[in-house]
Each structure stands twice: as C-alpha cells, then as structure tokens.
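Being a predicted model, the structure only gives us computed values, none of them experimental. For the numbers below, each heavy atom of this structure counts, side chains included, while hydrogens, waters and symmetry mates do not.
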Amino acid sequence: MTTLSEQASTFGQYLLQRYGERVHKIALDAAFTCPNRDGSKGSGGCTFCNNVSFSPNGRQPRPISEQLASGRRVILKRTGARKYLAYFQAYTNTYAEIEKLTALYDAALADEDVIGLSIGTRPDCLPDTVIDLLAGYQDQGKEVWLELGLQSAFDETLARVNRGHGFAEYQESVLRARNRGLKVCTHMIAGLPGETAYHATETLQRVLELGTDGLKLHPLHVVKGTQLANAWRRGEYRPLTLEAYVDIAADLVQQTPSNVVWHRLTGTASETILLAPLWCARKWLVLNAITTELQRRRTTCRQVA
C-alpha cells in the first residue's frame, strides 16, 4: 500500500533524511499560560479551548528533565529512536520574560540526544528578543522549528472563536521569523464555525503565498468545558464528518509544494473529554482514510490521463 510519506513531504521523512536516523518529538508542558486568558489580550481563551482540563492553576507539570526522561523511555521502547526534539507544546511557549525562556530552552537542550527545539506559540507573542534567541540556537547547529498557531486566515473566523489576533499579526511575525532564517510550521484548523472547505483552501493559499516551511492541520473537535461545547449542545455548531475532513485534508496535501513539510494531518482528543466528532479519537482511522483517498485520486488521474 502507498504510504502518506510517498504522497506528501512528512516531518518524519524530513528528519530521517536530515539526520540519517529516526528523530522524535517529546511534548513538554512548561506551565505557560496565554495572553488571551490572563486578561492582557482577552479572557476566556479560544471558544474551543478546554479551560478546565488545561488550567495552569490546576496543573503542576514535572521538571523539564523529568518530562524528557519519561518521553525518552516511551519512544525508545516504541520506535527505538535515540534523538529527540524538545516540543514546548502546551499553551503559549514564548509568553514569558526572555530570561525564563532561555533557562527553559537551555534545560531542554542540556542532553546531547536532544538535538533541537520545536516551540509552539501565538503570532502575537513573538518579540524580536525571542526570535533572536531561537535564531541563536539554530546558529549553534540545533534543529529549531517555530510553530505558529494561525488556525484560519479569515479575521471574521478568528473573531468568532475569540482568537485574540488577526491574520495581520501572523503575517508580520512569520516574515520576521523567516527573515532571520527560522523554520516556521503553521497550524491550521478545518471545520471552524462558519467555515467550509473553501476557507481551508484559501487559508492554505494565503499561508503558502506568504511563505512557510511546514504545516499542521487538525479537525476542530468539541471537548468538555468549552464555549464551543455549549454551542454544539444548542445545535449551533455541527462538526465535520470524517468524509468531509478527509476530502479537505487530501485537497490541501495535493495543493502543497513538495518543499513544504507536513508535520501533522490530524489531531486527537482524550476520550474522557471528547464530545464530538467521535472519530477524532481514532488517529490511525483518519490517517489511513487520507492515505486511501490520496491513492484513489492518483489512480483516477492516471486512468483519465
């Protein structure tokens, strides 16, 4: 069977070719918060964000070194990989004083088998001091990826989900980052309220025109403790079907140049908090369906030709 990596440039494939061996991310929680939650930009967070399960006041993450050690054990047993990227994932991982960020990033890079950083953040939380810091690690030979959560290129959608920024902030930040040579991975969500397949395609085109090195896509899922969950219960929001999401994902893959790397093509939520759509809990079901659809399209195109 044709694999997804044979039909799209995938992050795992990119790392394997670059380093000659498997490299895996280890997701880290450094207890950051978000300016759209603490009142500096807004309150309540995005309408799809689970404010209870991910409350900074309710979680006490372990030290970075312990999280890395735990992640190593799991990955080594599962895949045998011995090189890792420290993935600062939870919330806005550039939203702190530069001294604190430096200490956290340095701690993650303290071990030789951690060859780089992947930093998840918002486009409105990227001052030049942070760009300089990340570019400095890259200058030292570290693998550095800046992951910017855009979600949609449509300002009306971003306002609808209480995102707290617009496309202009993304545009400004991605240009500054890429001008310093940083690799950028742009996050997009399919199925946002009021959006159709057209919006996903147009978002991709705007992102590609501006320039990006990587992409992440996942379906909007409804989880407990969110404003979106309330809208869903009232019948005001209907999630994408699996078939609709697969079509959108396949469309985006086909429109993406081979030099842009796909980091992710779906996302999952814990079954303990997931309300809808339930297929979001089944990662491989979704990935296999996307692979099958891409293969079907390639076969159809060959037959037509």
Holding to ring pair (Phe, Tyr, Trp, His ring centres under 6.0 Å), I want the full list of residues that pass it with His218, two or more places apart in sequence or in another chain. His221
By salt bridge (Lys or Arg N to Asp or Glu O under 4.0 Å) - contacts of Arg234 (at least two apart): Glu236
Quick one: side chain to side chain donor-acceptor pair (under 3.5 Å) partners of Thr196, sequence neighbours excluded? His199
Filter on ring pair (Phe, Tyr, Trp, His ring centres under 6.0 Å), then keep only pairs touching residues 250-271, sequence neighbours left out; what's left? Phe11-His263, Trp145-His263
With sequence neighbours left out, which residue pairs that include part of residues 76-92 fulfil the salt bridge (charged side-chain N to carboxylate O under 4.0 Å, His left out) condition? Glu21-Lys83
All pairs passing salt bridge (charged side-chain N to carboxylate O under 4.0 Å, His left out) where residues 211-222 contributes a residue, at least two apart: Glu147-Lys216, Arg178-Asp213
Whichever hydrophobic residues join Tyr87 through chains of side-chain contacts under 4.5 Å: none
Ring pair (Phe, Tyr, Trp, His ring centres under 6.0 Å) filter on Phe48, not counting sequence neighbours, yields none
Give me each pair satisfying salt bridge (charged side-chain N to carboxylate O under 4.0 Å, His left out) with a member in residues 249-269, each pair once, sequence neighbours excluded. Asp251-Arg297
Enumerate donor-acceptor pairs with a distance under 3.5 Å from any side-chain N or O in residues 237-245 to protein atoms, sequence neighbours excluded.
{"from": "Tyr237", "atom 1": "OH", "to": "Gly191", "atom 2": "O", "distance (Å)": "2.6"}
{"from": "Thr241", "atom 1": "OG1", "to": "Ala244", "atom 2": "N", "distance (Å)": "3.0"}
{"from": "Tyr245", "atom 1": "OH", "to": "Leu265", "atom 2": "O", "distance (Å)": "2.7"}

According to the salt bridge (charged side-chain N to carboxylate O under 4.0 Å, His left out) rule, which pairs have a member within residues 179-193, sequence neighbours left out? Asp132-Arg180, Glu143-Lys183
Considering only heavy atoms from C-beta outward, does the side chain of Leu28 approach that of Phe88 to under 4.5 Å? yes
Residue list, salt bridge (Lys or Arg N to Asp or Glu O under 4.0 Å) with Asp106, at least two apart or on another chain: none
